Each structure stands twice: as C-alpha cells, then as structure tokens.
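Just so you know, these numbers come straight off a predicted model, no measurement behind them.
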Amino acid sequence: MSRLEITSPNQAQLMIEELYKDLERRIESSPPGLCPVDMTRAFVEMCHTHTCGKCVPCRVGLWQLKNLLTDVMNGEASMETLKLMEELSQSIMNGADCAIGYEAAFAVYRSLKECREDYEEHVHQGRCTCNYSMPVPCVSLCPAHVDIPGYVSLVREGRYADAIRLIRKDNPFPTTCGFICEHPCEARCRRNIIDDAVNIRGLKRFAADYAGKVPPPACSASTGKKIAIIGGGPGGLSAAYYLQLMGHQTTVFEMLPKLGGMLRYGIPNYRLPKERLDDDINAILETGVKVEYGKRIGTDITIQALRKEYDAVLITIGASTDKKLGIEGESAEGVISAVRFLRDVGKNLNPDLTGQEVAVIGGGNVSMDAVRTARRLGAKKVSILYRRRVADMTALPGEIEGAIAEGIEVKTLMAPAKIDVDENNHVRGVYVTPQMISKIKGGRASVRATGEPDIFVPCQTLIVAIGQDIEFQHFEEAGLPVNRGKIQTERYGGFDNMPGVFAGGDCASGPASVIKAIAAAKVVAANIDEYLGFRHTISCDVVLPEPDLRDRIPCGRVNLTEREACERVCDFEGVENCMTEAEARQEASRCLGCDHFGYGIFKGGRENRW
C-alpha cells in the first residue's frame, strides 16, 4: 500500500458543499423585517451545533442561551431573564476558547443592547414589534415602494406603456432609474433561492425604451393652493409631480439653466443620456408644473418671502457643494472638485485634458464618473487614489469594473498628504502616504500609515471626489435647525417651529441615491397635502395580468451588455445596451410572483394607492 495518497472530496462531502451553497442562497434571499430575537436564537443554535464540545462556555453556555431565547420567543420570560442572558453572554465571551463561542455570545449581547424594545415587547406582550406588512422583498427594499412584481408581469405580457404607468404611481423617473438606479430591490430577491436575482433595473430600462411616449395621468380638480419648491432635482420634481396630480399648483425655483439637478449636472451623459432624462422631466412638466430658472435661494429669493406668497414651501436643494481635503496646496490651480468638474461638463463647458495626467481622489460613484469623464476628454493617463481597498469602495461594482475596462489606473491604500505646485501655483502632482489595512470598526476595515515614505503621483489636474455638502447658511439664518451641514426636519418632513415649511432629500438626509430622494418626495408630498387640509390619494388603474402558473425552472440571469471599451471611451454616448424583447420576456418570466404566491397572498400582496 502506498505511504501517502492524493485525497479528493467524496460524494458525501460534495453534497454537503452544495447544501452550504443552498443555505447561503436562502440567507441571501431572506425577507427584511424578520424578528431579531428569532434570528439571534437561530444563529446561536447553529453555532452550538458547530462547537467542538471541549470547553464548558460553548458546550453548556450556548445551550442555555438558546433555551433562554426560546423562552423569550414563547412569552415565558421575564425582565430577570434578559438580565441573566446579558450576564451569561458576557461570561461566555470571556471564557470561550474559540471564535464560535465568542461570536455567538457577542451576537446575543449586541442584540440585547440594540434591539432592547423587541425583547421587552416579547416579555411584556408575548409578541414581536417588527411589522411584516410588506411581504414582497423587492417592494419592501425599494425606498419608493414601487410595485415591482406588477410591472415585471406587465413586461412579460408585452404591455410596456402600462408598466411605465404603474411605475409612475410611485416613481415619476422610470426612464432615469432604468439607467442609473442602484437597485437595492435586487438584494433580497427570492429568485436567489433558485439561481440569481431578477434583473429588475434592466427590465425597467427595457420598458422605458419600448413604451414610447406615455402621457401622465390627469390631475385632480384644482384646490387653489400654491406651493413653492426650492430645487429642481429629482426630489423637488417628484414632489411637484405628485402635488400637481393632487390638484395643487406648484412652482419650482431652480438656480441652473435646466432642470434635473445632479441628474443633469452630476451624472455624465454616457451613464444617463440627457435626452432620456428629458423624457421624464417633460412628462412631469405636462402636469402643469411651473418653473422659474436662475433663482438662487438667499440671493434671488428668500424663505421669508416665499412663505408670504405661497401656502407651503418645500426645500429640496440637494447636496451640490463639495468637501475639502484640508491639505497643503489645495487652493492651487488645476485642483477642482468633482462636483464642479461634472457640472461644467454637464453645461458643455468641457475642459481640455488632452495629453494630461489626471488623478481623482475618492472611491464613490462620483469618483468613477469623474475618472471616466476625464478619460473621454482626452487625458493621457487617469488614476484613482483611494485610501482603502477596492473592496471598501462605495462605488457600485459595475462602475469600478467599467472604469478599469476603460484603462483607469486604480491606486489603493494611498492617502493624500500634500499637493505639489510649481512656480505658477499650478498643481504638478500629489504626495500620498502608503496605508495598510487595520482594525475593523463599525463593520468596515480602517487603515493606518505603514511608516513608509510618501509617494509622488504626477498630475496636471487633480479632481477631489470625497463627498458633497449643502448650502445651508440661508436656512440657518432663517431659523431652520441645521446640524452638521444638514437641515434637521421632524419625521414628517416639516418643522414644528415653522409651519408650512418642509424639507426632503439630500439636504435633510445627506447625499443619497436618486430613488431615496424620490421616496422622500413621496412622503413630503403626502404630508404637505395633509397640512393643506386634504387627503388625496395617488393610484393607478392598470389591470395586472393573471399570475403565471408555469413552473419556474432554473434559468440564468440576463445582464445588460455594454459597448466595447475601446469604442465607448471616444464619446459620451450611452455605454449600456438595452435587452432585446426576447431577453426581456425571458427575464420577466423568472419572477416568482411573491406578490401572489406564498405569504404575499395572505398580506394582500400590494398597495394600490398611497
């Protein structure tokens, strides 16, 4: 017999590996809104089955924690039980010999601290506080709660105009979001249980491309009320659209020559063709929204004057200013913010970067927009400088991959230290300090300097993309509460000390995605309507197809293709290609119909109005 053998996994081990993958897919597709006590109990039970049994804290302690959590779930616990669980979890954390025992006990300890209300509700009332009112994961995770299964079924049936009408009930920017939405709805798609999430954004893009011009619904009878909206970005225009449908006359005050805000002046044309943005804006204006251009708050108009003339005022100015690096040489010529750079390009004031070396500091979506735009403006070499790893970048993975495909150099673990300038006070490079990954804080790996000497990165243009701020000075002077550069509203979007004034979107939440700005606009529009003494509803009379009863066999996901990198870097035309009709029908047929089947049917499945 041979002394050694080459081992390979047997059939049983291969089956176990498949079971692990199945479990991973099921966890990935678990719906939001689950009870934290139940989830903690399940985690402790799983950890207990994985312990080696050598140490008492794991073998006995986790078993006792599981029993105590079960008592809480069954309504058989008291406040003393919670105290005992806290003490026991700390004891296990201090005494466990391995990470399994420690992490399980830490999960219980953290859950007790951060979800205390849920535990106490179980103890006192015998039930959970989590409200599982929206059983469809994609709808629940969409900030605007768009009826996703509804419009997917309409695409499947070839009713593309009806799909756009249904989307507009909750989102007046269907075309725009079809191009640039970050699609949080796909994160927990139950199709993950079988193979992969449905390409929801791709289907929205397809519906917008194939529907043609779809007129907006008719407005309700005029109420005689007038509303001023400061800011013509996605938040302001969405609120104007819904308020106009309710019968109120809205006037949007925009400081720039055209509407769209950061959609027009912050997102490059290759990601969002401006003629497609205009499709959405024109549909909104068709409802009767009035616009006054060239009006800057604090200079041309004031909150006080608007309050006297209008029945309500809504502030949706967005985050349109830049943050500073705070390092030496930042005021040199050639150092510009990404906000200003992209805004100039949006105004067709394209800087000539031909033959230049360009560096961009930052790792978000704005940074990716800046580097890819610089590449299209003729830069010889474009580099991203980021203080963490690629895995830590906040940009969408597809944006990072697209930038790399277009020849962008990604320099990670590099923190800017000093900007080098020439005798004419023009930037000629930036010194960066090498970083190394360090402790994880708040779920994210931190960095620290390695101690190695700074590295010089030559560049003739340096673009700073490290975040955005709002112009809050006028609002602070007018008496609105401002904290850390954000307008502090009440939960309903208004101010107790200034009735009739509301705020929403980036100026209240901080920089966020387009769909979150639209979601905030829905909330504020409904609350303004109620403040004015009305209770209008927004609905859609589209009749949905009957549920698809065919079996859902495993089927690969259709992803949107892109133009060749060597071709697309030469112009600002759209990068992504739309699905074909056959691809869209197949992709739409992958939807499991959570609005009808399973738990969805018991909860009603969908909301037809808001």
According to salt bridge (Lys or Arg N to Asp or Glu O under 4.0 Å), who are the partners of R563, at least two apart in sequence or on a separate chain? E567, D571
Rounded distance (nearest 0.5 Å) linking atom CD of E328 with atom CG of D420: 9.0 Å
For the student: nearest non-hydrogen atoms of Q244 and G288, plus distance: NE2-O, 3.6 Å
For E186 and H183, indicate whether the former's side chain and the latter's backbone hold a donor-acceptor pair under 3.5 Å. no
If the plane angle is over 60° it's perpendicular, under 30° parallel, otherwise tilted; pick one for Y531 and F502. perpendicular
Looking at G266 and L342, what are the two nearest heavy atoms and their distance? O-CD1, 3.2 Å
Are any non-hydrogen side-chain atoms of P351 and I336 less than 4.5 angstrom apart? no
Testing the 3.5 Å rule here: is there a donor-acceptor pair between the side chains of R201 and N199? no
Does the pair C189 and C138 meet the rule for a side-chain contact (heavy atoms from CB on, under 4.5 Å), with working shown? CA-CA 6 Å; C189 176; C138 57; 5.7 Å; no
Could you check if a side-chain atom of I440 sits within less than 4.5 angstrom of a side-chain atom of R444, using non-hydrogen atoms only? no
Answer whether the closest heavy-atom distance between the side chains of M393 and I400 falls below 4.5 Å. yes
If we ignore hydrogens and angles and just use 3.5 Å, is the side chain of H248 paired with the main-chain N or O of L243 as donor and acceptor? no
Strictly by modelled atom types, are N577 and T561 linked by a side-chain donor-acceptor pair under 3.5 Å? yes
For R428 and E423 the tightest heavy-atom approach is NH1-OE1, 4.4 Å
Is the backbone N or O of A144 less than 3.5 Å from a side-chain atom of K522, with the two atoms forming a donor-acceptor pair by type? yes
Scan side-chain atoms only and decide if S383 and E409 contain a donor-acceptor pair under the 3.5 Å cut-off. yes
CZ (F475) and NZ (K486) are apart, to the nearest 0.5 Å, by 15.5 Å
Exercise: identify the closest heavy-atom pair between I167 and P174: CG2-CB, 3.7 Å
Any donor-acceptor pair under 3.5 Å linking the side chain of N192 with the backbone of D196? no
dist I200:CD1 -> I148:CD1 (nearest 0.5 Å) comes out at 4.5 Å
R372 side-chain N/O to E406 backbone N/O, donor-acceptor pair under 3.5 Å: no
Under 3.5 Å: donor-acceptor pair, side chain of T461, backbone of Q356: no
Considering all heavy atoms of both residues, which atom of F173 and which atom of S238 are nearest to each other, and what is their separation? CE1-OG, 3.5 Å
Geometric cation-pi criterion R376 and Y270, 6.0 Å radius, 45° cone: yes
Centre of F253's six-membered ring, under 6.0 Å away, within 45 degrees of the axis: is that where NZ or CZ of K295 sits? no
Minimal non-hydrogen separation, E587 against V558, with atom names: OE1-N, 2.9 Å
Output the distance between atom OG1 (T250) and atom CD1 (I528), rounded to the nearest 0.5 Å. 10.0 Å
Might you work through the side-chain contact (heavy atoms from CB on, under 4.5 Å) test for L259 and L285, ending with a clear yes or no? CA-CA 10 Å; L259 293 171; L285 295 179; 4.0 Å; yes
Quick one, Q468 with V339, criterion side-chain contact (heavy atoms from CB on, under 4.5 Å). Give me CA distance, side-chain angles, the key distance, then yes/no. CA-CA 8 Å; Q468 296 158 244; V339 172; 3.7 Å; yes
Please examine the side chains of K258 and K274, heavy atoms only from C-beta on, and report whether any two atoms are closer than 4.5 Å. no
Are side-chain heavy atoms of K418 and I327 found at a separation under 4.5 Å? no
Okay, side chain of E254, backbone of G232: is any donor-acceptor separation there less than 3.5 Å? yes
Less than 4.5 Å apart, side chain to side chain, heavy atoms only: is that true for I455 and Y431? no
Kindly say whether N171 contributes a backbone atom to a donor-acceptor pair with the side chain of Y242 at under 3.5 angstrom? yes
Out of curiosity, S438 OG to M436 CE, how far, rounded to the nearest 0.5 Å? 6.5 Å
Please identify each residue that fulfils salt bridge (Lys or Arg N to Asp or Glu O under 4.0 Å) with D278, with sequence neighbours left out. R264
Do the side chains of R448 and K439 get nearer than 4.5 Å, heavy atoms only? no
Please check: side-chain N/O of N527 versus main-chain N/O of Y492, any donor-acceptor pairing under 3.5 Å? yes
Which is it for N269 and V345 under the side-chain contact (heavy atoms from CB on, under 4.5 Å) test, yes or no, and what are the steps along the way? CA-CA 9 Å; N269 202 75; V345 174; over 6 Å; no
Counting N and O atoms only, with roles assigned by atom type, does the side chain of T299 sit under 3.5 Å from a partner on the main chain of R296, one being a donor and the other an acceptor? no
Does any part of the side chain of R389, heavy atoms only, come nearer than 4.5 Å to the side chain of I437, both counted from C-beta? yes
Show me, pair by pair, the donor-acceptor contacts under 3.5 angstrom made by side chains of residues 362-371, not counting sequence neighbours?
from: N365; atom 1: OD1; to: L396; atom 2: N; distance (Å): 2.9
from: N365; atom 1: ND2; to: E182; atom 2: OE2; distance (Å): 3.2
from: S367; atom 1: OG; to: G362; atom 2: O; distance (Å): 2.8
from: D369; atom 1: OD1; to: R271; atom 2: NH1; distance (Å): 2.9
from: D369; atom 1: OD2; to: R271; atom 2: NH1; distance (Å): 3.0

